Amino acid sequence: MFLLADCNNFYVSCERVFNPSLRDRPVIILSNNDGCAVALSNEAKALGVPRGAPLFKWRDFLLKNNGVWLSSNYTLYGDMSRRVMDILSSFSEDCEVYSIDEAFLRIDISDEKTIQKIARELIETVYKYTGIPLSVGSANTKTLAKAANHYAKKTAKTGFACITPANRESMLQQIPVSQIWGIGYRHDKLLKSHGVNNALQFTKLCETWIKKRMSITGLRTHKELNGTPCIDLQHVPPSRQSIVSSRSFGTPVSSFNLLNESIHEYGYRAAARMRSMKLVCSSLSVYLCTNRFKDEPQYSNSASVSLEYPTNSSRTITYQAEVILKAIYRSGYKYKKTGIMLHGLIENSEQQMSLFEKKDYMNRDEKLMSVMDSINRRYGSKSVILASEGISRNWQMKREFLTPSYTTRWSDIPLVKVESNKMF
DNA sequence: TCTGGGGTCCTAGGACCC
DNA sequence: TCTGGGGTCCTAGGACCC
């Protein structure tokens, strides 16, 4: 059986652990740039605030309803996630950390009562040690376990639900097809137009039709919902295919020089991430675009380049990125976003030897990068940067409502005051 | 004024090879 | 003028996930 353990409203829950005044109130967590809601508390959902709601449209409404909004604090969420995952993986060696707030576990038990006991223990232990509420769904396929989890969150009071051959049809009938793992906005619309609204109706569709309209991935979802396992647990995370670094600007940017600075910063960051994973890339691409929500001239473009030698040097990456940017940049537009993507990732140690000797500057670059990385590790990121990243930064993203890094920065660790006469 | 960032996989079509 | 069969690789676009 698969168990899917999923943290409830994870980002909001992380904030509530350290700020109890956020409990029982509508809380939304904002995207980068404080743009729109990426996570919501149950109270906010109950008020009808949708995921993706732009803050500027909902600010007054939230104020009226005692609501709170916060910038996303990924340092905090990442650290809390690690703590939760440590606990979950102690319950089963067959554990796949699927995302920042959920993990699949496999257990060799099919007895519903026993599974329920394990689930309860999971929920209690995670809450006791981290303060994060958890929901658990179980079934014999991953897709059904996800569906059970959805049911557990929406309907079950205990935070646990199990889908078995006996109750499968009645459970699936209560779950909208759009909530099924693997069925997104497009396929939901397609299915609705064919009269399919709940997950049970979807399981009754003909396989050839699904294969034709929803490809092999849709067919896999179909089989999994019917109880045939098609998606296995992934113990070892698959090797990385690409690395992306991009940001929207706080204010629109037109000048080439400022765009160039942003691309250098993202290029530096992407290459540093690559180095921390001990990878090198063999090609990269750069893109830019204007604001699609604005009624003004639109332009977007991207281009890529293959590298002579695979590399993870921030200097080479940013140099090449600038070459691409020059080629696709057009003046006269207000740009909203730029980004860089690294492709053809391979392990540094598995690098194909070149026919020609490495150039001298490449060896010097490697040393330089490792020195920069160690300085930034020790004294905090951006202690040293490339001059080409620029220092003006007036385009940088907004994070006006950021909470402290309660668990990862010495100065932010909460103080607990205890009155001494009450201690004994 | 203000609408995120970072990923994966599948398919079709074009260009090319023998 | 007629015109086969079997491939690979690359890219763009579309779908999905968190």
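Quick caveat, the model's predicted, so the values are computed rather than measured. Residue numbers start from 1 in every chain, and the chains themselves are labelled A, B, ... in the order their sequence lines are given, proteins ahead of strands.
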Exercise for the section: State whether a side-chain donor-acceptor pair under 3.5 Å links Ser262(A) with Glu265(A). Expected result: no

Practice task
Residues of residues 211-241 of chain A with any non-hydrogen atom less than 4.0 angstrom from an atom of DNA chain C: list those, numerically ordered, please.
Solution key: none

Handout entry: Within 6.0 Å of NZ in Lys45(A), more than 12 heavy atoms from elsewhere
Key = yes

Practice task
Enumerate the residue pairs fulfilling side-chain hydrogen bond (donor to acceptor under 3.5 Å, both in side chains) with a member in residues 128-142 of chain A, sequence neighbours excluded, ordered by first and then second residue.
Solution key: Asn8(A)-Ser135(A), Glu96(A)-Lys142(A)

Completion exercise
Expected list for residues 322-330 of chain A near DNA chain B, using heavy atoms below 4.0 Å, is none

Exercise for the section: Would you check if there is a donor-acceptor pair between the side chains of Ser99(A) and Asp101(A) at a distance under 3.5 Å? Expected result: yes

Fill in the blank from the handout: Quick note, salt bridge (charged side-chain N to carboxylate O under 4.0 Å, His left out) partners involving residues 192-210 of chain A, not counting sequence neighbours, are Glu169(A)-Lys204(A), Asp188(A)-Lys192(A), Glu207(A)-Lys223(A)

Handout entry: Touch class at under 4.0 angstrom, heavy-atom based, for Phe10(A) against every strand present
Key = nothing

Practice task
Remember a base hit wins even if backbone is also touched, and classify Ile183(A) as base, sugar-phosphate or nothing at under 4.0 Å, heavy atoms.
Solution key: sugar-phosphate

Practice task
Give one of base, sugar-phosphate or nothing for Lys189(A), where a contact means two heavy atoms less than 4.0 Å apart.
Solution key: nothing

Exercise for the section: With a 4.0 Å heavy-atom cut-off, tell me which residues in residues 52-66 of chain A come close to DNA chain B, sorted by residue number. Expected result: Pro54(A), Phe56(A), Lys57(A)

Practice task
Can you run down the salt bridge (charged side-chain N to carboxylate O under 4.0 Å, His left out) pairs that involve residues 320-330 of chain A, sequence neighbours left out, and say none if there aren't any?
Solution key: Glu322(A)-Lys326(A)

Fill in the blank from the handout: With sequence neighbours left out, the residues meeting side-chain contact (heavy atoms from CB on, under 4.5 Å) with Val384(A) are Met372(A), Ile375(A), Asn376(A)

Exercise for the section: Check the side chains of Tyr299(A) and Asn301(A) for a donor-acceptor pair under 3.5 angstrom, ignoring hydrogens and angles. Expected result: yes

Practice task
Name every residue in residues 282-306 of chain A that has at least one heavy atom under 4.0 Å from any atom of DNA chain B, in order of residue number, or write none if there are no such residues.
Solution key: Asn291(A), Phe293(A), Lys294(A)

Handout entry: chain A contact limits on DNA chain B, taken 5' to 3' with a cut-off of 4.0 angstrom to heavy atoms
Key = dC2(B) to dT11(B)

Practice task
Check side-chain contact (heavy atoms from CB on, under 4.5 Å) between Asp34(A) and all other residues, then give those that pass, not counting sequence neighbours.
Solution key: Leu30(A), Ser71(A), Lys398(A), Glu400(A), Phe401(A)

Exercise for the section: Answer yes when Glu224(A) and Arg168(A) have at least one side-chain N-carboxylate O distance shorter than 4.0 Å, and no when they do not. Expected result: no

Exercise for the section: Would you kindly say whether Thr228(A) and Asn226(A) are connected by a side-chain donor-acceptor distance under 3.5 Å? Expected result: no

Practice task
State yes or no: are the ring centers of His194(A) and Trp209(A) separated by less than 6.0 Å?
Solution key: yes

Exercise for the section: Identify whether any heavy atom of Ser72(A) sits under 4.0 Å from a base atom; if not, whether one sits that close to sugar-phosphate; answer base, sugar-phosphate or nothing. Expected result: nothing

Practice task
Starting at the 5' end of DNA chain C, write a dot or bracket for each base, bracketing those in Watson-Crick or G-U wobble pairs whose two distances are under 3.5 Å and using | for partners on another strand.
Solution key: ....||||||||||||||

Exercise for the section: Name the nucleic acid region contacted by Asp101(A), choosing base, sugar-phosphate or nothing; use a 4.0 angstrom heavy-atom cut-off, strictly under. Expected result: sugar-phosphate

Handout entry: Aromatic contact, Trp181(A) with Phe104(A) (centres under 6.0 Å)
Key = yes

Practice task
State whether a side-chain donor-acceptor pair under 3.5 Å links Tyr333(A) with Gln298(A).
Solution key: no

Exercise for the section: Check the surroundings of atom CG in Asn66(A): do more than 12 heavy atoms from other residues, nucleotides or ligands lie under 6.0 Å from it? Expected result: yes

Practice task
Please state the P separation for the pair dC18(C) and dT3(B) - nearest whole angstrom.
Solution key: 25 Å

Exercise for the section: Look only at the side chain of Asn291(A) and the backbone of Lys336(A), and say whether a donor-acceptor pair between them is shorter than 3.5 Å. Expected result: no

Problem - All side-chain contact (heavy atoms from CB on, under 4.5 Å) counterparts of Ala327(A), not counting sequence neighbours - result: none

Practice task
Determine, for Phe10(A) and Arg16(A), whether the Lys NZ or Arg CZ falls below 6.0 Å from the six-membered ring centre while staying within 45 degrees of the axis.
Solution key: no

